[in-house]
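The structure appears below as structure tokens.
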There are 2 protein chains.
Amino acid sequence: MKVDGRVERGEQTRRQILGRAAAIASVEGLEGLSIGRLATELAVSKSGVFAHFGSKEELQLATVRAAAAVFVDRVVKPALELPPGRARLEALCEGWLTYSEERTFPGGCFFHAVQAEFGARPGRVRDKIAEYGTKWHDLVTATAAEVPGVADPAQLAFELIAVLELANSRSVLHDDPDAYRRARQALRSHLP
Amino acid sequence: MKVDGRVERGEQTRRQILGRAAAIASVEGLEGLSIGRLATELAVSKSGVFAHFGSKEELQLATVRAAAAVFVDRVVKPALELPPGRARLEALCEGWLTYSEERTFPGGCFFHAVQAEFGARPGRVRDKIAEYGTKWHDLVTATAAEVPGVADPAQLAFELIAVLELANSRSVLHDDPDAYRRARQALRSHLP
DNA sequence: CAACTAATAGTACGATCGTTCGTACAAGTT
DNA sequence: AACTTGTACGAACGATCGTACTATTAGTTG
């Protein structure tokens, strides 16, 4: 199968743009992310960036999708390589903490930042973020359901995610790595 | 003691501005809060709003302070009227859930929104937000320490706050009142 | 090589941003 | 009554925002 070198180059540029966009948005938010700044940082023209997406909203949506792909790659996929059960659930939580702790995105968890930003606003971007949020919650719930001795998987998932998110939030806001220690302790006491 | 009618009037305007500012910021963030929009919504002049604060950063700081006063009034003070112990800790958590659930701020908890927004950025606004965050955490920890049978109050406080914040976040993002039910169930199982 | 196409650059637009300035007016002081 | 002080207004500033247009350049295809 033949590849068009121009399209190929365009896709690479697009990947670069979205990588940087997700990094910026994790710190400044998806609204704080501006096309002009993105172009300056990547040393390309503003219209070049714009042409890839056609509107700011499309850029935001593409950025959310790109961040989700990173998240799946870093957190979900490794855990799914383990057999269902306690070990997989633990890997999911631990993978999440590592993903946050290592600053895969410089502002901590991308989705924590944009959820808080778009949570109370209508629009397609919010809907997409909410959709990924539901998927994540459902995944944790389903994974918890496969652990023997878990009476209410959705409740357990709620409490686990709560701990993960607070660890991220506290670590980012207070530069306090101790938050991850607290989170791990909480996970130990929650998992059966 | 005499009051200057002009100053009095100014302070009332200022209160109106900050009330609206906190409401807007809980939805759009403290950066999304613009002086022009604030002026339009309050039917006053842009320069009139600006003159009260001298800079956008000062407006943001004043907004954070104003929101903190509301928070203390709604959540902290009622709980502190109860004697130390389990009941006070419970009142603190329940008061927080009510404060979020009733949409004291239209975007849910003001501090959840702005913590995520400013968590990863340097500056005076972030420092102020972090300061209030620490105060809140310390208060919950101290309140938990007064409950008999609590071995690690800071850990308990961490887990309680985690549950509260996720309830808020989920309720706002998914219009899901069930999040508060989950949070209350988690609180029951966490409190001794 | 010419014709075509896709990615990028360049320029310009209207709107809005935070900010500055001079002014009008009401309230307090002498 | 004359003067001072504090609030609020209106107009204008330079910068930046998202977006719309028209080149320019590089790769594909006949």
Side-chain angles (χ1 to χ4, degrees), chain A residues 1-21 24-25 27-64 66 114 117-118 121-126, chain B residues 1-21 24-25 27-64 114 117-118 121 123-126:
Chain A
M1 161 193 171
K2 285 219 54 182
V3 285
D4 188 328
R6 296 168 299 183
V7 177
E8 172 71 18
R9 181 167 60 106
E11 283 172 0
Q12 185 171 335
T13 304
R14 192 186 157 97
R15 276 192 296 273
Q16 284 182 333
I17 293 172
L18 289 175
R20 184 68 70 115
I24 294 177
V27 176
E28 315 272 356
L30 281 167
E31 286 295 342
L33 172 70
S34 88
I35 297 173
R37 176 180 168 184
L38 204 44
T40 305
E41 287 197 15
L42 293 167
V44 295
S45 72
K46 201 172 128 181
S47 52
V49 173
F50 181 84
H52 274 275
F53 306 98
S55 74
K56 173 145 192 197
E57 191 180 41
E58 285 299 331
L59 167 64
Q60 292 172 328
L61 288 168
T63 303
V64 172
V114 301
E117 183 183 9
F118 278 83
R121 297 188 226 188
R124 293 204 295 151
V125 178
R126 171 217 152 111
Chain B
M1 164 191 166
K2 287 217 52 180
V3 285
D4 188 328
R6 296 167 299 183
V7 176
E8 173 69 19
R9 181 168 57 106
E11 282 174 0
Q12 185 171 335
T13 305
R14 190 186 158 96
R15 277 192 295 272
Q16 283 182 334
I17 294 172
L18 290 176
R20 185 67 69 113
I24 295 177
V27 176
E28 315 273 356
L30 280 167
E31 287 295 340
L33 171 71
S34 89
I35 296 172
R37 174 179 170 184
L38 203 45
T40 304
E41 288 197 15
L42 293 167
V44 295
S45 72
K46 202 171 126 181
S47 50
V49 173
F50 182 85
H52 274 276
F53 306 98
S55 74
K56 173 147 191 197
E57 190 180 41
E58 285 299 332
L59 166 63
Q60 292 172 326
L61 288 167
T63 303
V64 172
V114 301
E117 184 183 10
F118 278 84
R121 299 187 225 189
R124 294 204 295 150
V125 179
R126 171 216 153 111

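Below, chain A is the first sequence line, B the second, and so on; all start at residue 1.
Nearest heavy-atom pair, A:Ile17 versus A:His52, reported as atom, atom and distance to 0.1 Å: CD1-CD2, 3.9 Å. Considering every non-hydrogen atom in both B:Arg15 and B:Glu8, the closest pair reads NH2-OE2, 4.3 Å. Residues A:Phe118 and A:Arg126 share a closest heavy-atom pair of O-CG, 3.3 Å.
In this structure, the side chains of B:Phe53 and B:Ile35 stay at 4.5 Å or more apart for every pair of heavy atoms.
B:Lys56 places no side-chain N or O within 3.5 Å of a backbone atom of B:Ser34 that could act as its donor or acceptor partner.
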Where along nucleotides 7-22 of chain D does protein come under 4.0 Å, by heavy atom, of base (B) or sugar-phosphate alone (S), with - for untouched nucleotides?
SSBB------BBBB--

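Rounded to whole Å, atom P of C:dT8 lies 13 Å from atom CG of A:Leu38. Between A:Asp4 atom CG and D:dT28 atom P there is a gap of 5 Å when expressed in whole angstrom units.
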